[in-house]
There are 2 protein chains.
Amino acid sequence: MTDPFEGLLGYHLRRLSVIAMTDLAAALAPLNLKPTEASMLFVIDANPGVSQSEVGRILGVKRANMAPMVATLMRRGLIEREPVDGRVQALRLSGKGQSMRARARACVEAHEERVFGSLSKDERNQMIAVLASLWSKPEVEMEVE
Amino acid sequence: MTDPFEGLLGYHLRRLSVIAMTDLAAALAPLNLKPTEASMLFVIDANPGVSQSEVGRILGVKRANMAPMVATLMRRGLIEREPVDGRVQALRLSGKGQSMRARARACVEAHEERVFGSLSKDERNQMIAVLASLWSKPEVEMEVE
DNA sequence: TTCTAACTGCTATGCAATATAACAATCGAG
DNA sequence: CTCGATTGTTATATTGCATAGCAGTTAGAA
């Protein structure tokens, strides 16, 4: 039986992505964080004071879907908001959020090791370079709303 | 602003996968096929006589979700079923299904060119080898039900 | 300065992919 | 022959993501 997906890069990309996402979700479950929520902590940590719209733009999450997620992280005391002007509110990690971010980061790194551990550091970096160049190029642009 | 996803292979994998899936869905839309339906045509074409459970196992689609998809392809006259025994039914492409499969394949190849066109054939094959080795290894196995 | 277009945060809602649970009919290994 | 496993199926829940619209706010062009 011939493999009809032999030469199709997109197929293998998707299969691995699904497996990786499943593993990541399981890795973060003990922290009661979904992958997107963890990503939000990472982005806010790296860019203190960002607006939630901006976070959404970075992560490819629509404004409408950001609202309830931010509300959840607020409710859990992981992030704090400070009004910048009448619309924008600056997001920052709370102390609790900082330690949660660190724990999440550890989970993510363990996950990466689990899924991509058979690749050398060089291979991984090379892969990252290729993937990043493909998804961040403007030709295949995606609109976040 | 530092990129918190710099070294995370999984992140870039997912971002590209989402873009690729969006492009693929758009590419197949004119044929009124979803990506999974097109994949089913490919698998059935490559393995005439497979059962739908087997197709599901190959594609990572649960039995319960295969039923309505098979029904759709049957209704459209793209595939045919022949009872093998009291449970199993052998799936084959109809003539119409064959030509649809060919057209879908063309769409997929155009899509691949669009998304991965900036990579050389060698780079693509190398990527495929790496991705396939990662997702098909038993350590990170996934259960289809 | 005023007006308008654009932006922020938000709610409500819909859809499609996927997951769970259960069932009847059937098969096959022991 | 029997019992565990398998097939196809229905019904249903969950989840991620999309659309549409709104009120309040801002900023830039006229």
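Here is how names work: the chains are called A, B, and so on, in the same order as the sequence lines, proteins then strands, and each is numbered from 1.
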At how many degrees, to 10°, do the end axes of the helix from C:dT1-D:dA30 to C:dG30-D:dC1 meet when each uses five pairs?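 Helix axis angle between the two ends: 30°.
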Using the test side-chain contact (heavy atoms from CB on, under 4.5 Å), find all partners of [X] that sit at least two apart in sequence or belong to another chain.
X: B:Q126; result: A:Q126
X: A:E6; result: A:D3
X: A:S118; result: B:L134, B:K137

Minimum heavy-atom separation for [X] to [Y], with atom names?
X: A:A27; Y: A:P30; result: O-CD, 3.3 Å
X: A:H111; Y: A:A20; result: CE1-O, 3.2 Å
X: B:A38; Y: B:L28; result: CB-CD1, 3.7 Å
X: B:R76; Y: B:L31; result: NH2-O, 3.1 Å
X: B:I79; Y: B:M74; result: O-SD, 3.6 Å

Grab the [atom1]-[atom2] distance between [X] and [N] for me, whole Å please.
X: B:E54; N: D:dG8; atom1: CD; atom2: P; value: 10 Å
X: A:K34; N: D:dC17; atom1: NZ; atom2: C1'; value: 12 Å
X: B:E37; N: C:dA16; atom1: CD; atom2: C1'; value: 12 Å
X: B:L33; N: C:dA17; atom1: CG; atom2: C1'; value: 17 Å
X: A:M69; N: C:dG9; atom1: CE; atom2: C1'; value: 14 Å
X: A:K62; N: C:dG9; atom1: NZ; atom2: P; value: 16 Å
X: A:M66; N: D:dA18; atom1: CE; atom2: P; value: 13 Å
X: B:Q52; N: D:dT6; atom1: CD; atom2: P; value: 16 Å

Identify each donor-acceptor pair in which a side-chain atom of residues 83-93 of chain B lies under 3.5 Å from a protein atom, sequence neighbours left out, and give them as a table.
unit_1 : atom_1 : unit_2 : atom_2 : d
B:D85  : OD1    : B:R87  : N      : 2.7
B:D85  : OD1    : B:V88  : N      : 2.9
B:Q89  : OE1    : B:R81  : NE     : 3.1
B:Q89  : OE1    : B:R81  : NH1    : 3.4

message: Does anything in residues 27-50 of chain B form a salt bridge (charged side-chain N to carboxylate O under 4.0 Å, His left out)? List the pairs, not counting sequence neighbours.
response: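 For residues 27-50 of chain B: B:D45-B:R101.
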Is A:R57 near enough to C:dC7 that one of its side-chain N or O atoms lies under 4.0 angstrom from OP1 or OP2?
->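 Answer is no, no contact under 4.0 Å.
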With a 4.0 Å cutoff (strictly under), does any side-chain N or O of B:S53 reach OP1 or OP2 of D:dT6?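 Answer no for this pair, as no side-chain N or O of B:S53 is under 4.0 Å from OP1 or OP2.
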With nearest nucleotide decided by heavy atoms, which residue, A:D85 or A:P35, maps closer to the 5′ end of DNA chain D?
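Here A:P35 is the residue nearer the 5' end.
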By ring-ring contact (aromatic ring centres under 6.0 Å, His included), which residues pair with B:F116, not counting sequence neighbours?
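So B:F116 forms no ring-ring contact (aromatic ring centres under 6.0 Å, His included) with any residue.
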Checklist entry - Among residues 70-84 of chain A, which residues get a heavy atom nearer than 4.0 Å to DNA chain D? => result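 Going residue by residue through residues 70-84 of chain A, none turns out to have a heavy atom under 4.0 Å of DNA chain D.
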Any residue of residues 86-94 of chain B with a heavy atom less than 4.0 Å from an atom of DNA chain D: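 Per residue number, the list reads B:R87, B:V88, B:Q89.
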Protein-nucleotides 11-15 of chain C N/O pairs under 3.5 Å:
none

- Item | Contacts of type side-chain hydrogen bond (donor to acceptor under 3.5 Å, both in side chains), residue B:E113, not counting sequence neighbours |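 Counting only residues at least two positions away or on another chain, B:E113 forms a side-chain hydrogen bond (donor to acceptor under 3.5 Å, both in side chains) with B:R124.
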**B:R105: side-chain hydrogen bond (donor to acceptor under 3.5 Å, both in side chains) partners, not counting sequence neighbours** =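 Residues passing side-chain hydrogen bond (donor to acceptor under 3.5 Å, both in side chains) with B:R105: B:E109.
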**Message:** To the closest 0.5 Å, what do you measure between CG (A:L24) and CG (A:L33)?
**Reply:**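 If we round to the nearest 0.5 Å, A:L24:CG and A:L33:CG are 10.0 Å apart.
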